[in-house]
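Working notes for the structure below.
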Amino acid sequence: MKPAPFGYLAPRRRIEALEALSEYGVEAKVLAGGQSLVPLLAMRLASPAVLVDLNRIKDLAFIRPFGEGLTIGAMTRQRVVETHRRVVRRIPLLAEAVRCIGHPQIRARGTIGGSLAHADPASELPAAAAALDAHFVLASVRGERVLDSEQFFAGYLTTALEPDEILTEVRLPALPPDAGWAFLEIARRHGDFALAGVAAVLRLDGDGRCTEARLVFTGVGPGPVRVPEAEQALLGQQIARSTVAEMVCIVQDRLDPPTDIHATADYRRHTAGVLAGRAALQAVERIREPR
């Protein structure tokens, strides 16, 4: 199929894009990398009156220090994020998650902001961002606001973005020296969306006891999913296999994933628990590796 007719705007400045969205509101769609939106247009599942293309706005593509962490412009290509030395050194979990997205050709065109704003419940970046305690900068002609992950992700393919707003950047704190990380997923084929996946960040004190645990799942709910009871089971504990096994049981008991044409709920529930256990152990191994 071919897309329904639409108007096309390609602003060169951020304010021009915001003014266009202010004028057209819900009648407009924002084009970033196009890896999700263009197929939707072609299948006529999306029929905007106007397409606002952000690809000529150069100041939306950057990676800059933000304290000990980084701030990444929404139009930064995923392949750039994956290979950037500052990302690999300061926020390696993000680079690891990006490597699971599609294939190099897709990542060369896809943007970090486009993926986050699309909020596919089986995609990698929302779970990674939530595990990293990311903050999202949303801009409109009315000004800017900054939201955390729980505020930004609102449900299936839904975020807190208003029709006249664009996501301009993502702020990510650096992983502290006592933190370990892992991103694991199962997909039907390499590059497909996850049937189930998990982003894990663990911190240990000098006695090897867990002081912080973040386990954020993808592919098992309407957005990035945390299981607070499972994280709580790790806190104050030395991460032995018995501790992890208890956590896995809690994950598999609490998750309520969907059944669809790709996998059953039981499969997703079981797989997510297994991946959580492996991710926790891998995170601990990385804490103990010399840096």
Side-chain angles (χ1 to χ4, degrees), residues 69-70 72 78 81-82 87-88 90-102 107 110 112-113 115-116 118-136 148-153 159 170-176 178-187 190-204 210-235 239 244 247-248 250-252 254-255 257 268-269 271-287:
L70 295 172
I72 302 178
Q78 293 161 1
V81 173
E82 174 189 355
V87 177
V88 173
R90 298 189 186 193
I91 314 174
L93 169 59
L94 184 63
E96 193 160 276
V98 171
R99 278 195 287 275
C100 296
I101 300 173
R107 300 196 291 274
I112 184 170
S115 177
L116 291 168
H118 187 59
D120 192 300
S123 62
E124 293 80 3
L125 285 178
L132 290 165
D133 195 22
H135 283 69
F136 304 81
D148 63 24
S149 293
E150 292 188 1
Q151 296 167 320
F152 182 72
F153 295 109
T159 70
V170 185
R171 297 171 180 170
L172 299 132
L175 288 171
D178 60 354
W181 75 93
F183 186 93
L184 299 174
E185 71 173 27
I186 293 290
H190 175 72
D192 283 2
F193 281 124
L195 298 174
V198 62
V201 175
L202 269 67
R203 299 178 68 182
L204 302 183
C210 182
T211 59
E212 182 178 353
R214 279 177 173 262
L215 300 168
V216 186
F217 297 89
T218 185
V220 297
V225 175
R226 294 181 71 176
V227 183
E229 300 90 340
E231 297 172 350
Q232 192 69 32
L234 299 178
L235 295 180
I239 307 301
V244 171
M247 178 271 288
V248 169
I250 295 172
V251 168
Q252 293 171 335
R254 299 294 195 275
L255 285 180
R268 285 193 162 96
R269 189 180 297 111
T271 302
V274 172
L275 292 176
R278 293 176 182 173
L281 293 172
Q282 188 176 54
V284 170
E285 288 177 6
R286 282 172 162 161
I287 295 173

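Below, all heavy atoms of this structure are taken into account, side chains as well, without hydrogens, waters or symmetry copies.
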Side chain to side chain contact (heavy atoms under 4.5 Å, CB included) between L195 and T271, intermediate numbers included: CA-CA 9 Å; L195 298 174; T271 302; over 6 Å; no
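- Residues T159 and F136 have side chains not in contact (no heavy-atom distance under 4.5 Å, counting atoms from C-beta outward).
- Heavy atoms of other residues, nucleotides or ligands lying less than 6.0 angstrom from CD of Q151 number more than 12.
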With a cut-off of 3.5 Å and sequence neighbours excluded, list every side-chain donor-acceptor pair involving residues 119-129.
from	atom 1	to	atom 2	distance (Å)
D120	OD1	A122	N	2.9
S123	OG	D120	O	2.7

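- When every heavy atom of L116 is checked against every heavy atom of F152, the shortest pair comes out as O-CE2, 3.7 Å.
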Review item, side-chain donor-acceptor pairs of residues 224-234, under 3.5 Å, at least two apart:
from	atom 1	to	atom 2	distance (Å)
R226	NE	E231	OE2	3.1
R226	NH2	E231	OE1	3.0
R226	NH2	E231	OE2	3.4
E231	OE2	L215	N	2.9

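- With values rounded to the nearest 0.5 angstrom, L70 atom CG is found 10.5 Å from L132 atom CG.
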Candidate pair V220 and R269, rule side chain to side chain contact (heavy atoms under 4.5 Å, CB included), full reasoning: CA-CA 7 Å; V220 297; R269 189 180 297 111; over 6 Å; no
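- Between G102 and H190, the closest heavy-atom pair is O-NE2, 4.0 Å.
- Judged by distance alone, the side chain of R90 and the main-chain N or O of G69 form a donor-acceptor pair under 3.5 Å.
- Scanning all heavy atoms of the two residues, the minimum distance from C210 to I239 falls at CB-CD1, 3.8 Å.
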Can you give each donor-acceptor pair under 3.5 Å made by side-chain atoms of residues 92-101, sequence neighbours left out, with the distance rounded to 0.1 Å?
from	atom 1	to	atom 2	distance (Å)
E96	OE1	R286	NH1	3.4
E96	OE1	R286	NH2	2.8
E96	OE2	F183	N	3.1
E96	OE2	R286	NH1	3.1

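- Among pairs with a residue in residues 212-225, those fulfilling salt bridge (Lys or Arg N to Asp or Glu O under 4.0 Å) read D133-R214, R203-E212, E212-R214, at least two apart in sequence or across chains.
- Shortest non-hydrogen contact noted between I91 and A174 is CG1-CA, 4.4 Å.
- With sequence neighbours left out, the side chain to side chain contact (heavy atoms under 4.5 Å, CB included) criterion links V248 to V244, Q252.
- The minimum heavy-atom distance linking A131 with A199 is given by the pair CB-CB, 3.7 Å.
- Taking all atoms of both residues into account, the shortest heavy-atom contact from L184 to A279 is CD1-N, 3.6 Å.
- In this structure, CE in M247 is found 11.5 Å from CG in L235, a value given to the nearest 0.5 Å.
- With sequence neighbours excluded, no residue forms a salt bridge (charged side-chain N to carboxylate O under 4.0 Å, His left out) with D148.
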